[in-house]
Amino acid sequence: MKRVLIIATAFLAFSCKKQEAVPAEKQAEPTTTEAAPSEGMPVEVQTPEQLGESIFKGKGTCVSCHKTDSKLIGPSLQDIAKMYKEKNGNIITFLKGESKPIVDPAQYALMQPNIVLTKTMTDEELKGLEAYVYSNLK
């Protein structure tokens with residue numbers, strides 16, 4: 001039992017070793033490359049619409065309630081884009097939880113969990129979602 005205690009103490013002492021801080025002037029500046037390091041392929045730059053579509057169909061989980069051209073649970077992307085354009089609304093402000101819904105207020109309670117998610121998104125991601133919604137305007 002004493003051996004285990006001694007080994008554990010020694011392990012903790014060495015694992016908690018204080019690391020020396022590197023002065024800011026000696027830190028390497030981040031470099032940008034044209035190729036993904038793991039694949040050697042060029043980095044694909046997404047348009048805002050492509051970013052928005054990937055969020056819409058992925059981590060945003062929007063696709064579970066919205067379709068492009070017809071109502072599912074929530075209004076279609078075409079209806080959302082049309083209403084926000086007609087009423088000069090701000091989709092990003094809505095997704096940040098800073099404005100009320102203008103398309104289908106009765107369904108807003110169902111969207112509350114997604115608003116919690118969209119509040120954590122970056123401005124770039126929200127602009128991408130907005131661009132994707134408007135790209136479906138017919």
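Everything quoted here is computed from the prediction, not taken from an experiment.
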Under 3.5 Å donor-acceptor, [X] side chain and [Y] backbone:
X: H66; Y: L77; value: no
X: N136; Y: D69; value: no
X: E86; Y: M83; value: no

Which pairs count as ring-ring contact (aromatic ring centres under 6.0 Å, His included) when at least one residue sits in residues 115-138, sequence neighbours excluded?
F56-Y132
Kindly state each residue pair satisfying ring-ring contact (aromatic ring centres under 6.0 Å, His included) with at least one member in residues 88-127, sequence neighbours excluded.
F94-Y108
For E53, give me all partners under salt bridge (charged side-chain N to carboxylate O under 4.0 Å, His left out), at least two apart in sequence or on another chain.
K57
Rounded to the nearest 0.5 Å, what separates atom [atom1] in [X] from atom [atom2] in [Y]?
X: I55; Y: T61; atom1: CD1; atom2: OG1; result: 11.5 Å
X: S135; Y: E130; atom1: OG; atom2: CD; result: 11.0 Å
X: S76; Y: K67; atom1: OG; atom2: NZ; result: 10.5 Å
X: N114; Y: Q112; atom1: CG; atom2: CD; result: 9.5 Å
X: L129; Y: I91; atom1: CG; atom2: CD1; result: 9.0 Å
X: C62; Y: L117; atom1: SG; atom2: CG; result: 8.0 Å

Within a reach of under 6.0 Å around CD of E124, are more than 12 heavy atoms found that belong to other residues, nucleotides or ligands?
no
With T118 via side-chain hydrogen bond (donor to acceptor under 3.5 Å, both in side chains) - residues at least two apart:
none
Begin from the C-alpha positions of K85 and L137 and carry the test side chain to side chain contact (heavy atoms under 4.5 Å, CB included) through to its verdict.
CA-CA 9 Å; K85 185 174 181 181; L137 189 59; 3.5 Å; yes
For L72 and S64, which heavy atoms make the closest approach, and how far apart are they?
CD2-O, 3.5 Å
Specify the closest pair of heavy atoms between K127 and I92, including all atoms of both residues, with the distance to one decimal.
CG-CD1, 3.5 Å
Tell me the salt bridge (charged side-chain N to carboxylate O under 4.0 Å, His left out) pairs involving residues 110-121, sequence neighbours left out?
none
Group every Ile, Leu, Val, Met, Phe, Trp and Tyr by side-chain heavy-atom contacts under 4.5 Å, then state whether L110 and I115 land in the same group.
no
Restricting to pairs with a member in residues 93-106, which pass side chain to side chain donor-acceptor pair (under 3.5 Å), not counting sequence neighbours?
K71-D104, N90-T93, K96-D123
Would you call M111 and I73 a side-chain contact if the rule is heavy atoms closer than 4.5 Å?
no
